[in-house]
Every structure is written in C-alpha cells, then in structure tokens.
Amino acid sequence: QVQVVESGGGLVQAGGSLRLSCAASGRTFSSTSMGWFRQAPGKEREFVAAIKWSGGSTYYADSVKGRFTISGDNAKNTVYLQMNSLKPEDTAVYYCAAARGVYYWDYPRGPRNYDYWGQGTQVTVSS
C-alpha cells in the first residue's frame, strides 16, 4: 500500500512564501515522477508543477512559472514546492501525486498519469 502525505500549507499574506512538502511511501514503491496539483472552490483540479526523476526535468503551469519551484529526492520519493510571491488566486487545496509509469501523451502534466494522491493541504493567501 502506498501513502502520499503532504504538509506545509497555511495562511499567508499576498507576497509571502510557503513551502509544501510531500512524501510517498510503500514497501516496493518507486515513481517516475511526482507532481503538484491544486483545486480552488468551484474549479477543476489543475496542474501546478512536476518533476521527472529521470534527468530531473521540471514542468510548471504558466500561472506559477517564475514564482514556484519544485524540487525533490528520488531515492526518498520526496518532493517540495517552494511558493514565493503568493497571490490571492493561488488559494486552493494543493495535492501531491506520484506516477509509477508514463501513461498518456500529456505526461507529466495530466492528472490521469498519476497513480497515487495525497489528501491535500490548504493554502490560503489573503489580500
């Protein structure tokens, strides 16, 4: 059984920073990539950032590029999301996800590529 656990959410003023952490664990678990998604009230879940372990490539949504940084440790199946210059529109529940393989043409941005998901952590940015 694989568990994905996020931490680090909270309330911050616009312009501030937060760092989210995520760890995936399981007896024989290994991943090809890990990513962050978010879902604001009344909106669909959207891609935020992802990291491919092979080669270390990173991917970002246009809305967070230049403000957010994804990093991680493949051996530990751990990923982080450093969020700077936060805006009220960044307010959402942030979900961490882990993929075991490469499944669809939109890998690693599409949520359907991910096998395991965390419960989410709330990020609220006040204006």
Side-chain angles (χ1 to χ4, degrees):
Q1 188 175 359
V2 176
Q3 283 190 317
V4 179
V5 180
E6 308 100 334
S7 61
L11 173 64
V12 64
Q13 287 188 331
S17 298
L18 280 176
R19 187 182 191 229
L20 304 184
S21 299
C22 172
S25 61
R27 280 190 66 183
T28 58
F29 175 72
S30 64
S31 61
T32 56
S33 65
M34 292 183 73
W36 290 96
F37 293 78
R38 67 186 182 186
Q39 188 167 17
K43 294 188 177 181
E44 292 187 355
R45 190 171 298 191
E46 65 174 359
F47 170 77
V48 176
I51 183 167
K52 281 187 187 177
W53 296 129
S54 177
S57 298
T58 57
Y59 304 81
Y60 296 95
D62 288 344
S63 59
V64 306
K65 201 172 294 183
R67 300 188 297 121
F68 291 12
T69 303
I70 188 170
S71 61
D73 185 332
N74 185 11
K76 297 180 179 180
N77 284 308
T78 301
V79 67
Y80 308 97
L81 186 67
Q82 178 66 42
M83 305 185 294
N84 298 329
S85 302
L86 282 161
K87 304 175 181 180
E89 51 263 44
D90 294 318
T91 295
V93 177
Y94 282 70
Y95 296 90
C96 176
R100 290 184 303 174
V102 180
Y103 301 123
Y104 300 101
W105 64 269
D106 55 354
Y107 173 85
R109 296 176 182 268
R112 57 182 174 170
N113 291 285
Y114 293 84
D115 301 281
Y116 304 104
W117 292 81
Q119 292 298 308
T121 184
Q122 177 70 46
V123 171
T124 303
V125 184
S126 63
S127 57

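Throughout, numbering of the chain's residues begins at 1 and tracks the sequence. Below, each value reflects all heavy atoms present in this structure, side chains not excepted, and no hydrogens, waters or symmetry copies.
Judged by distance alone, with hydrogens and angles left aside, the side-chain atoms of Asn113 form a donor-acceptor pair with the main-chain N or O of Tyr104 at under 3.5 Å. Remark: the backbone N or O of Gly120 is paired with a side-chain donor or acceptor of Glu6 at under 3.5 angstrom. Between the side chain of Thr91 and the main chain of Val125, a donor-acceptor pair closer than 3.5 Å is present. With Tyr116 contributing its side chain and Gln1 its backbone, the two residues share no donor-acceptor pair below 3.5 Å. Checked by atom type and distance alone, the side chain of Arg109 pairs as donor or acceptor with a backbone atom of Tyr60 at under 3.5 Å.
The CD atom of Gln39 sits 8.0 Å away from the CD atom of Glu44 when rounded to the nearest 0.5 Å. For the atom pair CG (Leu20) and OH (Tyr95), the distance works out to 13.0 Å, reported to the nearest 0.5 Å. Separating the CG atom in Asn74 from the OG1 atom in Thr32 is a distance of 9.5 Å, to the nearest 0.5 Å. The OG atom of Ser127 sits 14.0 Å away from atom NZ of Lys87, with the distance rounded to the nearest 0.5 Å. With values rounded to the nearest 0.5 angstrom, Ser30 atom OG is found 9.0 Å from Arg100 atom CZ. Between Gln3 atom CD and Asn77 atom CG the span is 13.0 Å, to the nearest 0.5 Å.
A continuous path of ILVMFWY side-chain contacts below 4.5 Å connects Met34 to Trp36, so both sit in one hydrophobic cluster. Clustering ILVMFWY residues whenever any of their side-chain heavy atoms sit less than 4.5 angstrom apart, transitively, puts Val64 in a cluster other than the one holding Phe47. No single ILVMFWY cluster, assembled from side-chain heavy atoms under 4.5 Å apart, contains both Val2 and Val79. Placement of Tyr114 and Val93 within a single hydrophobic cluster is found when ILVMFWY residues are connected by side-chain heavy-atom separations under 4.5 Å, directly or transitively.
Pairing each heavy atom of Leu18 with each of Gly8, the nearest pair is CD2-O, 4.0 Å. When all heavy atoms of Gly101 and Tyr103 are compared, the pair lying nearest together is N-OH, 3.5 Å. Shortest non-hydrogen contact noted between Asp73 and Trp53 is N-CH2, 3.7 Å. Closest approach of Lys52 and Ser33 over heavy atoms only: CA-CB, 3.9 Å. Minimum interatomic distance between Gly72 and Tyr80 (heavy atoms only, all atoms of both residues): CA-CD1, 4.2 Å. Taking both residues in full, the closest heavy atoms of Leu81 and Ala49 are given as CD1-CB, 4.1 Å, listed atom of the first, atom of the second, then distance.
Taking the six-membered ring for Trp and the full ring otherwise, Trp117 and Phe37 have centroids separated by under 6.0 Å.
Annotation: side chain of Arg67 is in contact with side chain of Asp90 (closest heavy-atom distance under 4.5 Å). Residues Cys22 and Val4 are in side-chain contact: their nearest non-hydrogen atoms beyond the backbone lie under 4.5 Å apart.
For Gln122, the CD atom sits in a packed shell: over 12 heavy atoms of surrounding residues, nucleotides or ligands are nearer than 6.0 Å. Atom CD of Glu46 is surrounded by more than 12 heavy atoms from other residues, nucleotides or ligands within 6.0 Å.
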